[in-house]
Number of protein chains: 2
Amino acid sequence: MKNTQLSRREKEKLRRRQEIKAAALRLFSEKGYHGVSVQEIAEKAEFAVGTLYNFFKSKGELYQEAMLEQTEIFFAEQAKTLDEPMDEVTKLRNLVRAKGEHFRENASRIRIFQAELRQASDSAIMELDAQIHQKRRQMFDKVASVFESGIKNGSFQRIGDPYHLAVILDGIIAAFVTLWIEEPDKHPFPTDPDVILNILFKGLIED
Amino acid sequence: MKNTQLSRREKEKLRRRQEIKAAALRLFSEKGYHGVSVQEIAEKAEFAVGTLYNFFKSKGELYQEAMLEQTEIFFAEQAKTLDEPMDEVTKLRNLVRAKGEHFRENASRIRIFQAELRQASDSAIMELDAQIHQKRRQMFDKVASVFESGIKNGSFQRIGDPYHLAVILDGIIAAFVTLWIEEPDKHPFPTDPDVILNILFKGLIED
DNA sequence: CTATTTAATGAATTTGTATTCATATTTTGA
DNA sequence: TCAAAATATGAATACAAATTCATTAAATAG
């Protein structure tokens with residue numbers, strides 16, 4: 001799979017292309033698509049603006065290539081953990097571990113997969129983000145206290161920290177919403193709340 | 001809490017302000033912040049561009065107000081379900097139900113809480129989005145087959161559809177990542193995968 | 001060493017859109 | 001009915017980039 005039939009010149013060209021992509025990736029990850037100008041990328045990559053356009057058709061294409069490459073690495077790392085011949089529990093543990101490692105190693109780049117607006121330069125929008133997150137935290141506290149009291153009075157097992165449980169319930173619901181938004185017919189949002197809650201209520205292992 | 005001490009004129013003014021906000025909300029929800037021009041909002045609201053600026057300092061402020069109002073309604077609906085004097089399981093069920101109803105009623109508006117880029121008009125970026133989602137689905141299939149085989153050979157209980165379980169595991173991890181990104185010191189991403197997996201492995205109710 | 005091809009440059013151009021403001025219109029109160 | 005105050009208007013302005021391209025520089029070949 002090595003590029004052996006590439007001339008010296010072509011390899012050089014490819015290397016510079018990669019350099020530009022790397023500079024772009026770092027900036028996009030920090031400030032989001034709209035927060036970065038082509039000028040800025042050119043400076044970071046130590047090329048002139050025009051040069052970037054010798055390598056990429058447009059800013060959009062550069063963004064696409066940079067992000068897709070990153071995504072491919074991310075998924076490849078995960079897939080590898082599932083291809084080992086292991087029992088299911090081990091596979092899941094390795095998967096979660098691999099994801100965790102990737103996140104820790106690429107902390108700054110992860111943000112980009114969060115909402116693009118979070119990185120806005122506009123002050124009103126940054127304020128909005130802060131306000132929404134405050135509301136979310138308040139909500140998490142409220143939900144956490146439900147788990148807390150359930151654990152205290154013996155209705156619930158202590159399978160995790162109550163605040164974590166609140167955040168997790170939110171994450172599970174968000175996952176269902178994502179499914180539903182992408183393919184509303186194939187994955188309608190469940191009417192019965194227990195379809196979602198049973199994930200928490202019932203244990204996957206033993207009973 | 002009613003605005004009784006407002007003059008006829010002031011009430012009118014407020015109503016028009018709300019109308020603009022409503023038009024803006026609909027457009028922002030469909031096409032994202034960068035995908036909508038002030039022109040467009042003005043047309044939808046049936047005012048001239050200049051008029052919007054009599055009501056809002058800037059596009060950013062309009063966005064902020066429109067989105068925040070929506071968010072407040074969203075969280076208020078949820079909070080209400082937790083304030084009723086019910087047992088914990090019922091509270092959680094009502095919470096999930098309330099969220100589901102909100103999502104179904106506001107389908108188009110939900111997208112805005114997903115990544116902003118998804119609504120991009122740039123074709124390269126739309127393509128990127130499609131490519132990432134294809135990769136995600138492939139990954140979900142792989143993970144689902146781990147759950148599937150675990151269920152088949154009796155290692156796992158069938159607490160939900162295997163594909164759902166895969167998506168949910170992803171959602172749980174994403175929830176932890178969000179926590180960690182917001183407050184890295186307070187909520188580090190767990191080193192031990194079982195902190196995450198026990199949510200699935202162990203049941204909240206009975207054992 | 002020179003000619004020719006290939007690549008890099010960045011100022012100038014184009015584009016898109018947020019914001020302003022002089023003018024027109026409507027509302028209010030006398 | 002009319003003048004003053006309040007609002008609405010949208011063409012003009014300002015600005016921030018993305019993209020282009022004529023020019024310059026570097027690399028390669030003869």
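Atom set for the values below is all heavy atoms of this structure, side chains included, hydrogens, waters and symmetry mates excluded. Chain A is the first sequence line, chain B the second, and so forth, proteins listed ahead of strands; every chain is numbered from 1.
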TODO: Write down the distance between CD1 (B/Ile41) and P (D/dG10), rounded to a whole number of angstrom.
DONE: 17 Å
TODO: Could you tell me the separation between the CG atom of B/Leu52 and the P atom of C/dT20, rounded to a whole number of Å?
DONE: 13 Å
Task: For atom CD of A/Glu10 and atom C1' of D/dT28, their distance in whole Å - done: 14 Å
Any N/O pairs under 3.5 Å between the protein and nucleotides 12-20 of chain D? List them or say none.
from	atom 1	to	atom 2	distance (Å)
D/dA18	OP1	A/Lys59	NZ	2.7
D/dA18	OP2	A/Val38	N	2.7
D/dT19	OP2	A/Tyr53	OH	2.5
D/dT19	OP2	A/Lys59	N	3.0
D/dT19	O5'	A/Tyr53	OH	3.4

Task: Rounded interatomic separation in angstrom, taking CD from B/Glu12 and C1' from D/dA8 - done: 14 Å
Task: Sub-6.0 Å ring centroid separation between A/His187 and B/Tyr163 - done: yes
- [ ] Validate the cation-pi geometry between B/Arg17 and B/Phe56: distance from NZ or CZ to the six-membered ring centre under 6.0 Å, angle to the ring axis within 45°.
- [x] yes
- [ ] Whole angstrom is fine here: how far is it from NZ in B/Lys11 over to P in D/dA6?
- [x] 20 Å
- [ ] Take the protein atom CD of B/Glu40 and the nucleotide atom P of C/dG16, then report the distance between them rounded to whole Å.
- [x] 14 Å
Atom pairs under 3.5 Å: protein N/O with N/O of nucleotides 23-28 of chain C:
none

TODO: Write down the distance between CZ (A/Phe47) and P (D/dA26), rounded to a whole number of angstrom.
DONE: 14 Å
- [ ] Verify the ring-centre separation between A/His34 and B/Tyr33: is it less than 6.0 angstrom?
- [x] no
Task: Nearest-Å distance for atom pair CZ/P, residues A/Arg15 and C/dA7 - done: 14 Å
TODO: Please lay out, stage by stage, how B/Leu25 and B/Glu65 fare under the test side-chain contact (heavy atoms from CB on, under 4.5 Å).
DONE: CA-CA 9 Å; B/Leu25 179 61; B/Glu65 286 209 22; over 6 Å; no
- [ ] Give a yes or no answer on whether the side chain of A/Glu40 reaches the backbone of A/Ser37 with a donor-acceptor pair at less than 3.5 Å.
- [x] yes
- [ ] Describe the nucleic acid contact of A/Phe55 in one word from base, sugar-phosphate, nothing, applying a heavy-atom distance below 4.0 Å.
- [x] sugar-phosphate
Open item on the list: Is the phosphate of D/dA8 approached by B/Arg16 (side-chain N or O, under 4.0 Å from OP1 or OP2)?
Closed with: yes
TODO: Kindly say whether the aromatic ring centers of A/Phe176 and B/His164 come within a distance under 6.0 Å.
DONE: yes
TODO: On the 0 to 90° scale, with breaks at 30° and 60°, tag the B/Phe74-B/Phe103 ring pair as parallel, tilted or perpendicular.
DONE: tilted
Open item on the list: Between the side chains of B/Asp83 and A/Lys142, is the shortest nitrogen-to-carboxylate-oxygen separation below 4.0 Å, so that they form an ion pair?
Closed with: yes
- [ ] Determine the interplanar angle of the B/Tyr63 and B/Phe28 rings, folded into 0 to 90°, and report it as parallel if under 30°, tilted if 30 to 60°, perpendicular if over 60°.
- [x] perpendicular
